[in-house]
Amino acid sequence: MVDRNLELTICGEPYFACKGDLEHLSAKSHHDSGNGIKVCALVLSPYKTDLNACNQLSWLRVVPVGREGISGEADLSEDLNAMYDECVALIQEHNITAIIPTRDTPALLHAALATEPGLSLSTMAPSVDSIVVCNQKLYTHLSDDSGVHFGHVVVDGARDFTPDVERMLAANPALQFPLFAKPSDGVGSMHTRRVNSVTDAAAHLESVAACKTERQDSATRRFLLSHAPATASSFDLAGLDVCLFEEYVESEKVTTDGYVFRGEVHCFAIVDNVYRTDNPGAFHACKTPSAQPTAVQEQLRAHYISVVEQLRDRHGLDNCLVDVEQHVRYSRDGTLTIQTMEINPRMFAQFEPVYEATFHHGNLYRTQLQLQLPEMLGAPSTPMPNGLFGGNFYINVFNAEPHKAESLFNFARVPGLAGFLAENAPAGVRLLRSDVRCLAGQVVGPAGSEGNCLMKLNLVAGSDEALEAAFALASAHLLAFEEPA
C-alpha cells in the first residue's frame with residue numbers, strides 16, 4: 001500500500017527545488033495515523049543533467065528557486081564555505097531533514113552539514129573523513145589493501161618536473177612504465193592519460209601545472225580548514241594539487257554498487273564498463289546485468305564488501321550509497337586479481353534511470369532518503385534485478401580536425417529519437433533519458449584517445465542484443481558524418 005499523501009519537497013541552488021507526490025515510496029508505519037508525511041530534502045548537484053533527471057521522474061515536479069540562470073555545469077571551484085552557509089540558510093528556512101548529493105563535492109558538503117549543530121537535518125550520514133578518503137584518490141589508495149602500485153607528485157607551480165618524477169620512481173620501485181597519470185581529486189577523466197617515460201610524465205605535469213588556476217582543490221582545502229580542521233590535519237594533502245601515477249593496468253573494468261545502512265554493507269549490482277573495440281581508450285557503455293561469470297561476480301561482491309567495510313571501520317563511512325570501480329585482471333595462468341580503481345560515496349547519477357527500470361526498488365533517490373530517515377520512511381529495500389537489460393551508452397566521435405558540432409551531429413533528430421527507436425528498434429526497447437553533450441555552433445576540437453562524447457543515452461531492453469541494436473540505430477540516426485576508421 002502506498003501513502004498518496006506523502007509529499008517530497010526538495011530545495012536549493014545550484015541545487016533545485018522540487019515538489020510532488022512520491023508515489024513509489026511506502027511509509028507503512030504512518031498509515032494508521034491517517035496523516036500525510038512531509039519530507040523536505042535538499043538536492044546538491046553541480047550538473048544540470050541531474051536536474052533533468054529530477055524533471056523526468058514521474059513522481060517529482062521540479063520548481064527552481066534561488067539563483068537563476070543555471071545552465072550546463074555549475075562551477076564548484078567557487079567558495080565552498082559560502083556554499084555551505086547557503087545550504088545552512090536553506091535548511092533553516094525550509095526545515096530540511098535530508099540531503100541528496102549526486103556527485104563528489106556535494107557528498108562532502110552533506111557530510112559536514114550533518115555535523116552542524118542546531119539543524120533539522122538528519123545526522124545519519126557518512127563522516128567527513130570517509131568522504132575525503134573517497135574523493136581524494138591518493139587517500140583511497142593509501143587506505144586500500146588491494147595492491148595497486150602508485151606514486152604521486154605535488155603540482156605546486158610551473159617548473160621542470162623531471163626531478164620530481166625521478167624521486168617518485170625511486171621511492172616506489174614497483175612502478176614501471178607505462179603508467180597512468182590522473183589528478184588525485186580529478187573528475188570526468190580530466191588530465192588523465194598514459195605516460196611512457198620520465199620525460200613524458202614530466203611533460204604531462206607541466207601541462208597540468210599550466211592549467212592550474214583557482215580550482216576546486218584549493219576551495220576544498222579552505223573548506224576543510226574551516227569546517228573540518230581535524231580532517232584537514234589528518235589528510236594534509238587533501239585539497240592540494242596532487243597527480244597520481246598508477247601502474248597501467250590492462251584489465252576488464254566494472255562498477256559494483258551498493259550502500260551502507262547502520263553499519264551493514266549491502267551490494268546490489270555489478271555494472272560492466274565496456275570500451276570500444278576500435279578505440280580501446282573510449283567508453284562504449286556501462287551495462288547491467290554484468291556479463292562476468294557467476295563465480296567472478298561473487299568475488300567482485302566479496303571485494304566490494306571488504307573495501308566498504310574497511311572504510312566503515314577505519315573512517316566512518318555509513319548511511320550512504322557507495323560504488324566501487326574495480327579492475328578485473330587475469331594472469332597467464334588464469335589467476336583472477338581484483339583491484340580497486342576508485343570509490344564514490346554517492347549515487348551513480350547517470351545510471352539512476354537504468355536502475356529504476358531494471359531493478360525492483362531501483363529508485364536511488366528514494367533509497368538515499370530512506371538511508372537518512374528510516375524511522376519516517378522505513379529502512380531501504382535492497383534493489384533486485386527484474387530481468388531487463390539496461391545501459392548508459394556513449395556516442396563518441398574521433399574527428400582528427402576541429403568541426404562545428406552540427407557537422408558531426410544531427411541536432412534536429414534528437415527530439416524524435418524516442419519515437420524513432422519505438423518504430424525501428426527491437427520490440428521492448430525504451431529510451432529512458434538522453435543527454436546531448438555539445439551545442440549547435442560549438443567547435444568540437446580534435447579527439448583524443450577517449451574520443452569526443454556528443455551524447456549519452458540511457459536505454460532498456462529485454463536482452464543485451466536488443467540494447468546493442470538500439471544503440472547502433474540511434475548512433476547511425478544522429479551522427480551527421482561517417483566516422484573515420
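Heads up: numbering here begins at 1 and tracks the sequence. The basis for the numbers below is simple: all heavy atoms, side chains too, and nothing from hydrogens, waters or symmetry mates.
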Any side-chain donor near an acceptor of the partner, Asn319 and Gln372, under 3.5 Å
no
Which of Asn392, Leu459, Val460 passes side chain to side chain contact (heavy atoms under 4.5 Å, CB included) with Leu432? Answer is Val460
Under 30°, 30 to 60°, or over 60°: which ring-plane class applies to Tyr275 and Phe283, parallel, tilted or perpendicular?
parallel
Is there a side-chain contact between Leu439 and Phe411, using heavy atoms and a 4.5 Å cut-off?
no
Would a 4.5 Å heavy-atom cut-off, applied to side chains only, mark Asp185 and Asp104 as touching?
no
Is there a side-chain contact between Thr358 and Asn386 in this structure, where contact means two heavy atoms from C-beta onward sitting under 4.5 Å apart?
yes
Would you say Gln326 and Thr256 are linked by a side-chain donor-acceptor pair, where the criterion is simply a distance under 3.5 Å?
yes
How are the rings of Phe393 and Phe471 set relative to one another: parallel (under 30°), tilted (30 to 60°) or perpendicular (over 60°)?
parallel
Mutual orientation of the aromatic rings belonging to His266 and Tyr259 [parallel < 30°, tilted 30-60°, perpendicular > 60°]:
parallel
With a 3.5 Å cut-off and no angle check, do the side chains of Asn363 and Glu356 form a donor-acceptor pair?
yes
Does some side-chain heavy atom of Gln292 sit less than 4.5 Å from a side-chain heavy atom of Asp272?
yes
Of all heavy-atom pairs between Glu247 and Val148, which one has the smallest distance, and what is that distance?
OE2-CA, 3.5 Å
Tell me whether Glu325 is salt-bridged to Lys137, with the criterion being a basic N under 4.0 Å from an acidic carboxylate O.
no
Just say parallel, tilted or perpendicular for the rings of His227 and Phe223, cut-offs at 30° and 60°.
tilted
Over all heavy atoms of both residues, which pair between Arg329 and Ser251 is shortest? Give the atoms and the distance, please.
CG-CB, 3.6 Å
Please check if any side-chain donor atom of Ser184 sits under 3.5 Å from a side-chain acceptor atom of Tyr139, or the reverse.
no
With rounding to the nearest 0.5 Å, note down the distance linking CG in Leu80 to OG1 in Thr105.
6.5 Å
